[in-house]
Amino acid sequence: MCGIFGVIGDNPNNISNITKLANYARRRGKDSSGIVSFSNSQYVIERADFDIEKLLRKKLSFNSNFIIGHSRLITNGLEDNQPVFRDDIILIHNGIVTNDTIIWEEISEARKFKIDSEVIIGLTLEFLKSSDDFGELSKFLLSKCKGTVSCALAFPKLGKILLLSNNGSLYTGQISKTYYFSSEKYPLNEIGCESILQLKNDHLVLDIPRSDQIIVNDYKSRIENLIPAFKNFSKEESLLIFEEHKLKRCSKCILPETMPFISFDDKGVCNYCNNYVLRNIPKPKDELFTLVEKYRRNNEAECIVPFSGGRDSCYGLHLIVNELKMKPITYTYDWGMVTDLGRRNISRMCAELGVENIIIADDISKKRRNISMNLAAWLRAPDLGMISILTAGDKHFFKHVETVKKETGISLNLWGVNPLEVTHFKSGFLGVVPDFEDKMVYSHGFSKQLHYQKLRFKAMLKSPGYFNSSLWDTISGEYFRSFTNKSDYFHIFDYWQWDENVINSTLSDYDWELAPDTNTTWRIGDGTAAFYNYIYYLYAGFTEHDTFRSNQIREGQINRDEALKLVNDENRPRYQNIRWYLDALNMSFVDVITSINNKRFNQTRYSRL
């Protein structure tokens, strides 16, 4: 996934406009970059495994009437960078082709690189053996590729460039006789483009200078692995402990005695059950149809859908498009802990539903360093109440919802948050008494957050390593999540029943990808969940799966025996995901897991909270 951009015209292009387009592209990913320019009768391809800002500084003096480029969030093919170049064709691609392996088996062209985008060139070469019709080529590519495909294919020898997209993440505009394109509409508006068009299941063919002289320059300096693979080493996996905990559990749900602030009545029923208020009771759908009516617009996007690629946001998007009949733009915040599986499911859903996806990617390396510093601090003084600091970096998700709303001019945002994801224990282990009347998945309000932060600060004093360079990132993220006002903000599951069986069945129709190391469909695209659930289970004998299944029992969706059977499977350590997480943090799996295993708490500590 990346941001792509380009300028094609009769006159040398304005470096200011090129820089603006590049800077907006880099918000989608800064892991690597590339630029193609034409000058002195030749094309020059510059590829780098660093930020496009640095690459632009190398090329600021160029004077070209053809420039295309990308700034990339790496999803696969770490060794291969864009622009992809082979057989005299140049490609920049925003998206993920999810069926590239299958396509390579079906065509005669041989694969040369690991990057999924290469298959677009492979298909192009196959097509050009029998036809040179670029309109038909566009249809052919979009019919063969699954996943999001927004790309520019340049044919220097033929003097043509083909722009195409299947989900609308590609816009074109003009200033005088010069054409510009970008992954988003906003930057084209910013530089003053006119006649802006969105390509969705459509294409545009433009003339470019002819030349058979193509030079490729690669700049490589990366030493870290940004996309660790799922691995399976049996000796390492054997380090993960999964043992039966002999705990008293609620006679109605399955919460154990180690749940913070739990108590049981004379029938063995816990206070969480006795105080539970049904949450999965949808309001009439007609109310939502009435609410959104004022936001509907002819032939334009009407709402923003925050989109993680997880089970619930994917099903929510399905409902918004097919049931609510709205035209959304999805927004994804990538902070370095979205796995490739999650990104592929984002690609699948947006392509199948024809929905534009705006990605804002943080500095992945920096975010992961923040996590590793906080994890190192946690290992020195383990405290279940501080586990949540490992996920603090994702809270800027809430900040950039407002960014996307402002830039698109769309005020309505519809969220697909599971109403049963309430996990009181995460703050409970810190000492926060559960608020049974709170109907929000996330805790809001000044007094609640002030109390929470005081308790967190007190816990941080036990391990000074928490006071590191990540602190501002943590605090600012919490601010945007909990203190900023949220307007034009509705939850789709306030109006549609949340039913796990219906959701899983629906997503299977989209070829939604499952994880290789678990049978659950919940949080499988989240790189952090397997790790923190391992700690919760090892130290306290339960995980967020137990609280989720307990909520389902209270809602009458499953019975207690079913829940116990499910969590016995779901709480098993997910070795491949845990190993991926620690590889991403550049931390030793053996060292971290051994430390966690050796520092298990006395579980009775938590039963007294």
S.K.: What are the two closest heavy atoms between Q497 and P282, and how far apart are they?
M.R.: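 Shortest heavy-atom separation between Q497 and P282 comes out as OE1-CD, 3.2 Å.
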S.K.: Could you tell me whether the side chain of S347 and the main chain of T148 form a donor-acceptor pair under 3.5 Å?
M.R.: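 Yes, the answer is positive, given that a donor and an acceptor are paired below the 3.5 Å cut-off.
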S.K.: With a 4.5 Å heavy-atom cut-off, do F531 and L390 have their side chains touching?
M.R.: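 In short, these two side chains touch, coming nearer than 4.5 Å.
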S.K.: Are any of the side-chain heavy atoms of R311 and L507 separated by less than 4.5 Å?
M.R.: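 In contact.
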S.K.: Is the shortest side-chain heavy-atom distance between E421 and D312 below 4.5 Å?
M.R.: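 In short, these two side chains touch, coming nearer than 4.5 Å.
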S.K.: Would N571 and D546 count as a side chain to side chain donor-acceptor pair (under 3.5 Å) here? Give the steps.
M.R.: CA-CA 9 Å; N571 287 339; D546 296 69; 2.9 Å; yes
S.K.: Given I593 and Y534, is the side chain to side chain contact (heavy atoms under 4.5 Å, CB included) satisfied, shown in steps?
M.R.: CA-CA 10 Å; I593 297 302; Y534 175 72; 4.3 Å; yes
S.K.: Contact between F307 and S313 at the side-chain level, heavy atoms closer than 4.5 Å - yes or no?
M.R.: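 F307 vs S313: side chains touch.
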S.K.: So with a 6.0 Å cut-off around NZ of K366, is the heavy-atom count from everything else above 12?
M.R.: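 Open: at most 12 neighbouring heavy atoms sit under 6.0 Å from NZ of K366.
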S.K.: Hey, are R572 and D517 close enough for a salt bridge, meaning a charged N less than 4.0 Å from a carboxylate O?
M.R.: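 The answer is no: the pair does not qualify as a salt bridge.
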S.K.: Taking all atoms of both residues into account, what is the closest heavy-atom pair of R249 and G541, and its distance?
M.R.: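 Closest approach of R249 to G541, heavy atoms only: NH2-O, 3.8 Å.
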S.K.: State whether the side chain of R279 and the backbone N or O of P419 hold a donor-acceptor pair below 3.5 Å, judged by distance alone.
M.R.: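 Yes; at least one donor-acceptor contact below 3.5 Å.
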S.K.: Under the ring-ring contact (aromatic ring centres under 6.0 Å, His included) criterion, do Y272 and H424 qualify, and how do the steps go?
M.R.: CA-CA 10 Å; Y272 288 86; H424 292 107; 5.8 Å; yes
S.K.: If you count heavy atoms of other groups shown closer than 6.0 angstrom to CD1 of I102, is the number above 12?
M.R.: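 Atom CD1 in I102 is not packed in, count stays at 12 or less.
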S.K.: Does any N or O in the side chain of D116 come within less than 3.5 Å of the main-chain N or O of V97, such that one atom is a donor and the other an acceptor?
M.R.: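 Indeed, once roles are kept as given, a pair shorter than 3.5 Å links the two residues.
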S.K.: Donor-acceptor pair, N551 side chain versus L420 backbone, under 3.5 Å?
M.R.: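 Yes, N551 side chain to L420 backbone: donor-acceptor pair under 3.5 Å.
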S.K.: I'd like to know if the side chain of S505 and the backbone of V502 have a donor-acceptor N/O pair within less than 3.5 Å.
M.R.: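 Not at all, since once roles are kept as given, no pair shorter than 3.5 Å links the two residues.
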S.K.: Taking atom types as modelled, is there a side-chain donor on D499 or Q557 under 3.5 Å from an acceptor on the other?
M.R.: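 Absent: no donor and acceptor within the cut-off.
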S.K.: For R344, does its backbone N or O pair with a side-chain atom of E513 as donor and acceptor, under 3.5 Å?
M.R.: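 Not confirmed, E513 side chain does not pair with R344 backbone.
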S.K.: Do L412 and M326 come within less than 4.5 Å of each other through their side chains, counting heavy atoms only?
M.R.: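 SC-SC contact between L412 and M326 confirmed.
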S.K.: In sequence, state the C-alpha distance, the side-chain angles, and the governing distance for E555 and L278, and then conclude on side chain to side chain contact (heavy atoms under 4.5 Å, CB included).
M.R.: CA-CA 6 Å; E555 294 284 341; L278 292 175; 3.6 Å; yes
S.K.: State whether K327 and E300 are salt-bridged, where the test is any N-O pair (Lys NZ or Arg NE/NH1/NH2 against Asp/Glu carboxylate O) under 4.0 Å.
M.R.: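 Salt bridge: no.
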S.K.: What class does the angle between the rings of F397 and W415 fall in, given that below 30° is parallel, 30 to 60° is tilted and above 60° is perpendicular?
M.R.: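 Because their plane-to-plane angle lies in the 30° to 60° range, the rings of F397 and W415 count as tilted.
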S.K.: For the residue pair F289 and Y495, is the inter-centroid distance of their aromatic rings smaller than 6.0 Å?
M.R.: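 No, too far apart.
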S.K.: Keeping H245 on the side-chain end and Y537 on the backbone end, is there a donor-acceptor pair under 3.5 Å?
M.R.: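 Answer holds: yes.
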S.K.: Can you tell whether the side chains of E407 and R27 come within less than 4.0 Å, N to carboxylate O?
M.R.: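 Counted as a salt bridge, because a side-chain N and a carboxylate O are separated by less than 4.0 Å.
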S.K.: Can you spot which of T403, D362, D394 makes a side-chain hydrogen bond (donor to acceptor under 3.5 Å, both in side chains) with Y333?
M.R.: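 Option passing the side-chain hydrogen bond (donor to acceptor under 3.5 Å, both in side chains) with Y333: D362.
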S.K.: Which word best sums up how the rings of Y295 and F490 line up, parallel for under 30°, tilted for 30 to 60°, or perpendicular for over 60°?
M.R.: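 Ring orientation, 0 to 90° scale: perpendicular.
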S.K.: Would the number of heavy atoms belonging to other residues, nucleotides or ligands and lying under 6.0 Å from NZ of K426 be above 12?
M.R.: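 Count over threshold, so yes.
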S.K.: Would you verify whether the NZ or CZ of R348 falls within 45 degrees of the ring axis of Y510 while also being under 6.0 Å from that six-membered ring's centre?
M.R.: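 Pair R348/Y510 does not count as cation-pi.
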S.K.: Under 3.5 Å, is there a donor-acceptor pair linking the side chains of D569 and N519?
M.R.: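 Yes.
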S.K.: Are any non-hydrogen side-chain atoms of L162 and L137 less than 4.5 angstrom apart?
M.R.: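 In short, these two side chains touch, coming nearer than 4.5 Å.
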S.K.: Taking atom types as modelled and ignoring hydrogens, do the side chains of Y581 and Q576 form a donor-acceptor contact shorter than 3.5 angstrom?
M.R.: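 No, because no side-chain N or O of Y581 sits under 3.5 Å from a partner of the opposite role on Q576.
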S.K.: Would Y171 and E184 count as having a side-chain donor-acceptor pair, cut-off 3.5 Å?
M.R.: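 No, no side-chain donor-acceptor contact under 3.5 Å.
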S.K.: State whether a side-chain donor-acceptor pair under 3.5 Å links N167 with S150.
M.R.: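 Distance-only check passes for N167 and S150.
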S.K.: I'd like to check the ring pair (Phe, Tyr, Trp, His ring centres under 6.0 Å) partners of W522; sequence neighbours left out, ordered by chain and number.
M.R.: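 In terms of ring pair (Phe, Tyr, Trp, His ring centres under 6.0 Å), with neighbours along the sequence ignored, W522 is linked to H545, F548.
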S.K.: Hey, does the side chain of E570 reach the backbone of T520 with a donor-acceptor pair shorter than 3.5 angstrom?
M.R.: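 Side chain of E570 to backbone of T520, a donor-acceptor pair under 3.5 Å: no, none is there.
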S.K.: Could you go through R296 and E293, starting from their C-alpha distance and side-chain angles, then the distance that decides it, and tell me whether this counts as salt bridge (Lys or Arg N to Asp or Glu O under 4.0 Å)?
M.R.: CA-CA 6 Å; R296 296 190 184 274; E293 193 61 35; 3.5 Å; yes
S.K.: With a 3.5 Å distance limit and no angle check, can you tell me whether N280 reaches the backbone of W498 through a side-chain donor-acceptor pair?
M.R.: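 Indeed, once roles are kept as given, a pair shorter than 3.5 Å links the two residues.
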S.K.: Run the side chain to side chain contact (heavy atoms under 4.5 Å, CB included) check on L153 and I120 step by step: do they pass?
M.R.: CA-CA 9 Å; L153 276 162; I120 298 172; 4.1 Å; yes
S.K.: Taking all non-hydrogen atoms of both residues into account, name the closest pair between K30 and A361 and its distance.
M.R.: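 Residues K30 and A361, closest heavy atoms: NZ-O, 3.1 Å.
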S.K.: Within a reach of under 6.0 Å around NZ of K367, are more than 12 heavy atoms found that belong to other residues, nucleotides or ligands?
M.R.: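 Counting neighbours around NZ of K367, more than 12 heavy atoms of other residues, nucleotides or ligands fall under 6.0 Å, so yes.
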S.K.: At their closest point, which heavy atom of L163 faces which heavy atom of A152, and how far apart are they?
M.R.: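 It is CD2-CB, 3.5 Å.
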S.K.: Can you tell if the side chain of I492 reaches within under 4.5 Å of the side chain of L288, non-hydrogen atoms only?
M.R.: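 Counting from C-beta outward, I492 and L288 do come under 4.5 Å.
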S.K.: Evaluate whether atom NZ of K405 has more than 12 neighbouring non-hydrogen atoms of other residues, nucleotides or ligands under 6.0 angstrom away.
M.R.: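 Result for NZ/K405: enclosed.
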S.K.: How close do A530 and N577 get, heavy atom to heavy atom, and via which atoms?
M.R.: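 Where A530 meets N577 most closely, the heavy atoms are CB-OD1, 3.5 Å.
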S.K.: Between F542 and F425, is the ring centre distance below 6.0 Å?
M.R.: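 Centroid separation for F542 and F425: below 6.0 Å.
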S.K.: Taking atom types as modelled, find out whether N357 and T330 have a side-chain donor-acceptor pair closer than 3.5 angstrom.
M.R.: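 There is such a pair between these side chains.
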S.K.: For R523 and E544: C-alpha separation, side-chain torsions, deciding distance, then whether salt bridge (Lys or Arg N to Asp or Glu O under 4.0 Å) applies.
M.R.: CA-CA 11 Å; R523 298 203 195 283; E544 60 189 358; 3.0 Å; yes
S.K.: Verify whether the ring centers belonging to F398 and W335 lie closer than 6.0 Å.
M.R.: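 For F398 and W335, the ring centres are not under 6.0 Å apart.
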S.K.: I want to know whether F5 and H70 have ring centres closer than 6.0 Å.
M.R.: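 Aromatic pair excluded; centres sit 6.0 Å or further apart.
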S.K.: Between E302 (side chain only) and R297 (backbone N and O only), is there a donor and an acceptor less than 3.5 Å apart?
M.R.: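 Judged by distance alone, yes, a pair lies under 3.5 Å.
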S.K.: What pairs with Y24 under ring pair (Phe, Tyr, Trp, His ring centres under 6.0 Å), at least two apart in sequence or on another chain?
M.R.: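 Residues passing ring pair (Phe, Tyr, Trp, His ring centres under 6.0 Å) with Y24: Y186.
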S.K.: Quick one: do I254 and R549 satisfy side chain to side chain contact (heavy atoms under 4.5 Å, CB included)? Show the steps, please.
M.R.: CA-CA 8 Å; I254 61 172; R549 296 302 179 187; 4.1 Å; yes
S.K.: Taking the side chain as C-beta and beyond, is there a heavy-atom pair between T339 and D526 under 4.5 Å?
M.R.: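 Sidechains of D526 and T339: no contact.
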S.K.: If the threshold is 4.0 Å, N to carboxylate O, is there a salt bridge linking R343 and D334?
M.R.: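 Salt bridge flag = yes for D334 with R343.
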S.K.: Could you list the residues that satisfy ring pair (Phe, Tyr, Trp, His ring centres under 6.0 Å) with Y315, not counting sequence neighbours?
M.R.: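 Testing Y315 for ring pair (Phe, Tyr, Trp, His ring centres under 6.0 Å), a comparison that skips the adjacent residues, returns H318.
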